[in-house]
A.B. asks: 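My questions all concern the structure below.
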Number of protein chains: 2
Amino acid sequence: MDAYEKLEKSRKRITESIAQNIHLYGLPPSAGRQFGMMFFENRPLTLDDMSAELGMSKTSMSTSIRSLSEAKLVDRVWERGVRKDLYEVKDDWYQIFVDMFTVKWRRAVSLHTAAIRKSLAELKELKKADDMTDELLAVIETDIEKLLYIREYYDWLDRLIDAFEDQKIFDLVPRLEEEA
Amino acid sequence: MDAYEKLEKSRKRITESIAQNIHLYGLPPSAGRQFGMMFFENRPLTLDDMSAELGMSKTSMSTSIRSLSEAKLVDRVWERGVRKDLYEVKDDWYQIFVDMFTVKWRRAVSLHTAAIRKSLAELKELKKADDMTDELLAVIETDIEKLLYIREYYDWLDRLIDAFEDQKIFDLVPRLEEEA
DNA sequence: TTGTACGTACAGTTTTTTCTGTACGTATTG
DNA sequence: CAATACGTACAGAAAAAACTGTACGTACAA
């Protein structure tokens, strides 16, 4: 094994490690491989570059680069004289984490909150129903209690996302370990 | 639509909302449905209960309850005189979030860190190789720089996980919004 | 204007994941 | 000691996701 092969092996280990954990970002392993490869290339790449490098179709590259882009793991960059789209990985992994966290959870909180609001309104209305029994009323009250509890939880989650988005999380957990 | 149907509709909305976001916990929608159903039942359930309630096989219930259990979303509970396994959802959603975060990310950090350590050692050794050229040496140095950077990042992530695990996150983002 | 290069929508295929039914090991009951 | 109840391993079926090749719309070049 020559030096170049050893270098490749070292890179491949890291890339595979990324590939096998990228599901935490909601992406399939191949997108992780794409990201890993781009991480070690020290230049923006075109879809054809990626296709050649990974031995996968250009269509796949196009699809997964969009996912990577939406998850804010890569940026499209521009270079004069180059007609093809160029992409490169973001270099601030702390920010990548914060962006992923923010994008994924904000969306979830939004969907959940809307559902809770609707159901709460329905249940409050339902309490007035003519055919209401004491038994059913008790169940409804319990459900309302549950919904109020999870609404409070989602409010906390929303504030947690704010703390990440506003970089306040770095006050709690500083980027650099203090020198001894 | 009678009152009971309206109640069901309200519950179903919440359950579906959970089902469609449970992928954030690395679980399939059906596990989310299972969790949602259990959330509204005010008693521990057996596998047969769940199977009947969701119209799915007992085998599936067994498999997904294990996933839910590993993700720390449900607990197995004991009741005297009952031979079947009983499960109920955890009632502290804040803690559920913290546990999920901790479990999933701790594992990722551990795997990544091991890979980085190995590759760093290899690259440092590789620098001494006989057939080393200036050009290749420069590439190796660049790779080492990259690995040192992401090692630092994973160290931060590890400390972030600590902050969740130690409940310090609730200092930064309190559970209850202060009264006005 | 015509020709060429590029990215992606779409349909079909392959691969992976989820779900089911059977069968079996263990534990409890009579 | 049976006999029964229970949970799950395992193999196959069904469903979902990922991947490919073709075809098309758009933009730039000549």
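This is a predicted model, so every value here is computed, not measured. To find a chain, count down the sequence lines: A is the first, B the second, and so on, and within it residues start at 1.
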A.B. asks: Return the value, rounded to whole Å, for the distance between atom CG of D85(A) and atom P of dG7(C).
C.D. replies: 5 Å
A.B. asks: Do you know the tightest heavy-atom contact between L27(A) and A31(A)?
C.D. replies: CB-CB, 4.1 Å
A.B. asks: Is the charged tip of K104(A) near the ring of Y25(A): under 6.0 Å from the six-membered ring centre and within 45° of its axis?
C.D. replies: no
A.B. asks: Has the side chain of T59(B) got a donor or acceptor atom sitting under 3.5 Å from an opposite partner on the base of dG21(C)?
C.D. replies: yes
A.B. asks: Under the 3.5 Å rule, do the base of dG7(D) and the side chain of S62(B) count as making a donor-acceptor pair?
C.D. replies: no
A.B. asks: May I ask you to verify if any side-chain N or O of R33(A) is less than 4.0 angstrom from the OP1 or OP2 atom of dA18(D)?
C.D. replies: no
A.B. asks: Using a cut-off of 4.0 Å on non-hydrogen atoms, how would the nucleic acid contact of S30(B) be classed: base, sugar-phosphate, or nothing?
C.D. replies: sugar-phosphate
A.B. asks: Which nucleotide in the set dT18(C), dT20(C), dT20(D) lies at the smallest distance from any side-chain heavy atom of S60(B)?
C.D. replies: dT20(C)
A.B. asks: P28(A) side chain: which of dA18(D), dT8(D), dT20(C) is closest?
C.D. replies: dA18(D)
A.B. asks: To the nearest angstrom, how far is H23(B) atom NE2 from dT16(C) atom P?
C.D. replies: 22 Å
A.B. asks: Any salt bridge between D166(A) and K168(A), counting N to O under 4.0 Å?
C.D. replies: yes
A.B. asks: Once you round it to whole Å, what is the distance between P of dG21(D) and CE of M56(A)?
C.D. replies: 11 Å
A.B. asks: With DNA chain D as reference, determine whether R83(A) or G26(A) sits nearer its 5' end, using the nearest nucleotide of each.
C.D. replies: G26(A)
A.B. asks: Could you tell me whether E165(B) and R106(B) have a side-chain N and a carboxylate O separated by less than 4.0 Å?
C.D. replies: yes
A.B. asks: Under 4.0 Å: is that the gap between some side-chain N or O of K58(B) and OP1 or OP2 of dT20(C)?
C.D. replies: no
A.B. asks: Can you tell which of dG7(C), dT20(D), dA27(D) lies closest to the side chain of S57(A)?
C.D. replies: dT20(D)
A.B. asks: Using atom CG of D48(B) as one end and atom P of dG21(C) as the other, report the distance to the nearest whole Å.
C.D. replies: 14 Å
A.B. asks: Taking atom P of dA18(D) as reference, at what distance in whole Å does atom CG of L54(A) sit?
C.D. replies: 16 Å
A.B. asks: Could you tell me the separation between the CZ atom of R66(B) and the P atom of dT18(C), rounded to a whole number of Å?
C.D. replies: 13 Å
A.B. asks: Using a strict cut-off of less than 4.0 Å between a Lys/Arg side-chain nitrogen and an Asp/Glu carboxylate oxygen, indicate whether R13(A) and E16(A) qualify as a salt bridge.
C.D. replies: no
A.B. asks: In whole angstrom, give the distance that lies between atom CD1 of I22(A) and atom C1' of dA17(D).
C.D. replies: 17 Å
A.B. asks: To the nearest Å, how far apart are M50(A) CE and dG7(C) C1'?
C.D. replies: 12 Å
